[in-house]
Amino acid sequence: EVTGVQTCALRSPDGPVLDEAGVEEVLEQIRPFLAMAGGEVELISLEPDGLQPTACLKISGSGATINSVRVEIAQRLKRNFPTLANVTWD
């Protein structure tokens, strides 16, 4: 069944499914630290299908801390979702 194969391909071995709920689960781990720096992160869109699965995020705040958090968010998402090819910022 094609749907079963697709679901299997979008799931990391021990992690969440590459869908909006799964991405939000990872973002929830980061939000408390980002809030301490006066920032917030929001999932704008997720395109999990195709050859280049992409998550588009929006981050608010200022300073070097926000840039560091941006790198950490991208790393965590890619670690949790090996099929995620791109993390873009709006």
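R76 has its side chain within reach of R79: a pair of non-hydrogen atoms, C-beta onward, lies under 4.5 Å apart. Side-chain atoms of I59 and W89, non-hydrogen and from C-beta on, do get closer than 4.5 Å to each other. Proximity of L34 to I66: side-chain heavy atoms (C-beta onward) are separated by under 4.5 Å at one or more points. With contacts defined as side-chain heavy-atom distances shorter than 4.5 Å, the pair V41/V69 does not qualify.
Nearest heavy-atom pair, L84 versus A55, reported as atom, atom and distance to 0.1 Å: CD1-N, 3.8 Å. Nearest heavy-atom pair, E42 versus R31, reported as atom, atom and distance to 0.1 Å: CA-NH2, 4.2 Å.
Between the side chain of T54 and the backbone N or O of Q52 there is at least one donor-acceptor pair closer than 3.5 Å.
Rounded to the nearest 0.5 angstrom, T65 OG1 and E72 CD are separated by 13.0 Å. Of the inter-residue distances, the one linking E40 atom CD with L27 atom CG reads 9.0 Å to the nearest 0.5 angstrom. Taken to the nearest 0.5 Å, the CG atom of N86 stands 12.0 Å off from the CG atom of L77. The structure places CG of D90 at 9.5 Å from CG of L57, a figure rounded to the nearest 0.5 Å.
When each of V26, V23, L18 is checked for a side chain to side chain contact (heavy atoms under 4.5 Å, CB included) with N80, only V26 meets the rule.
Clustering ILVMFWY residues whenever any of their side-chain heavy atoms sit less than 4.5 angstrom apart, transitively, puts F81 in the very cluster that holds L43.
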